[in-house]
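Here the structure comes first, spelled out in structure tokens, and everything after it is commentary.
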Amino acid sequence: MCSRFTLTSKPVLVGSHFGLAEIDDFPPRYNIAPTQPVGIVRTGYHRQREFALVRWGLLPDWVKDPGAFTTLVNARAETLTQKPSFRSAFKYRRCLFPMNGFYEWSGGKGERQPHYISTRGEAVFAVAGLWENWMGVDGSEMESAVIITTRANSTLSAIHQRMPVVIEAQHFESWLNCTSGKTDEVVDLLRPADNSFFKLQQVSILVNNPQNSGSELLRPVGQQELF
DNA sequence: CCAGACGTTGTT
DNA sequence: GTCTGG
DNA sequence: CCAGACGTTGTT
DNA sequence: GTCTGG
């Protein structure tokens, strides 16, 4: 699963990595959690590639009572075309989540251990996602998005069974271009990252609480008591 | 036909 | 225990 | 994922 | 909205 992540690169760097003409300013974030506003890259109304802030937790457009519907944080890549909640977004509303790393927990009850997963150079990378625009009968609107997961590669499988789908830069255009409404050209992109792509490190349980969101979360375990 | 669901993950 | 909120 | 709440009515 | 279950 992927239910917490970071976005710490400067906006200008994110903009250039994702080929954006412009990008709003935002602060570094070390503990992005479900239901929070989250930045995505998508193809905008006039075909331009854009950055947008939406709610993390996809709300399908046919939902009548948002309060009575589950928060959809992850979508399984293997079943995207079958699920009513994702099928349409997979065809027409694909997006990318810029991130610098994400957290996973290992261990059983009472001994849960958080880990931080990032690239070797702490570089920003892209995770595959879907977005929706929900409209209520009272005219209210909400944009939301979900992260696509697949089976863990062998690096990650030491701690977890699933991982977010990484899209490499040479595939951004085909992933984000939804004009055909066809998915056969992009399903091949939904595979685990190469084993050398990520590294793991244990981090403090400070990350457990979404209210803790500063850079101290990335201190290696064993040093957090040295404040 | 209408009613009701529509999701993922980890853990037991 | 189970659901909601972040 | 974890943290935190978990309820109703009438009255001010 | 669309599919499944009754």
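Within every chain, numbering begins at 1; the chains are lettered A, B, ... in the order of the sequence lines, protein sequences first and strands thereafter.
Side-chain N/O atoms of A:T149 include one lying less than 4.0 angstrom from OP1 or OP2 on B:dT9. Between B:dT8 and A:R76, no contact under 4.0 Å exists linking OP1 or OP2 to a side-chain N or O.
Between A:E132 and A:R55, no side-chain nitrogen of the basic residue sits less than 4.0 Å from a carboxylate oxygen of the acidic one, so the salt-bridge criterion is not met.
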query = Could you write nucleotides 1-6 of chain D as a row of B, S and -, 5' to 3', where a protein heavy atom under 4.0 Å of any base atom gives B, of only sugar-phosphate atoms gives S, and otherwise -?
reply = BSS---
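Pairing for D:dG7 is absent, with no Watson-Crick or G-U wobble pair whose two atom distances lie under 3.5 Å. B:dC1 is paired with E:dG6 under the Watson-Crick or G-U wobble criterion, all donor-acceptor distances under 3.5 Å.
Side-chain atoms of A:N133 and A:R93, non-hydrogen and from C-beta on, never get closer than 4.5 Å to each other. No side-chain heavy atom of A:S157 sits under 4.5 Å from any side-chain heavy atom of A:R151.
Remark on DNA chain B: of its neighbouring residues A:V63 and A:C2, the 5'-side contact belongs to A:V63, judged by nearest-heavy-atom nucleotide.
Comparing E:dT2, B:dT9, B:dG7 by their closest approach to the side chain of A:F86 singles out B:dG7.
Rounded to whole Å, atom P of B:dT9 lies 15 Å from atom CD1 of A:I159. Atoms CZ (A:R87) and C1' (E:dG1) sit 9 Å apart, rounded to a whole Å. Per the geometry, CZ belonging to A:F90 stands 19 Å off C1' belonging to E:dG1, to the nearest Å. Whole-Å rounding puts the A:R151 CZ to B:dT8 P distance at 18 Å. Rounded to whole angstrom, the span from the CG atom of A:L72 across to the P atom of C:dC3 amounts to 16 Å. Rounded to whole Å, atom P of B:dG7 lies 19 Å from atom CH2 of A:W56. When rounded to the nearest whole Å, the span between CG of A:L130 and P of B:dT8 equals 11 Å. For A:Y92 and E:dG1, the OH to P distance is 15 Å, given to the nearest whole Å.
Residues A:F69 and A:W134 keep their aromatic ring centres 6.0 Å or farther apart. For A:Y30 and A:Y116, the gap between ring centers reaches or exceeds 6.0 Å.
A:G107 comes within contact range of the sugar-phosphate backbone alone, with a heavy-atom separation under 4.0 Å but no base atom that close. The residue A:T79 sits close only to the backbone: its heavy atoms come under 4.0 Å of sugar-phosphate atoms, none of a base. Among the protein residues, A:T35 comes within range of the nucleic acid bases, having at least one heavy atom under 4.0 Å from a base atom.
Using P as the reference atom, B:dA3 and D:dT8 are 27 Å apart when rounded to the nearest Å. Comparing the P positions of B:dG10 and E:dT2 gives a spacing of 32 Å, expressed to the nearest Å. Rounded to whole Å, the separation between the C1' atoms of B:dC6 and D:dA5 comes to 26 Å. B:dG4 and C:dT4 are spaced 23 Å apart, taking the C1' atom of each and rounding to whole Å.
Side-chain contact of A:S140 with A:D138: a donor-acceptor pair under 3.5 Å is present, judged by distance alone.
For A:R42, the side chain to side chain donor-acceptor pair (under 3.5 Å) test picks out A:E50, A:E143, with sequence neighbours left out.
Judged purely by atom type and a 3.5 angstrom limit, A:N212 uses its side chain to pair as donor or acceptor with the backbone of A:L206.
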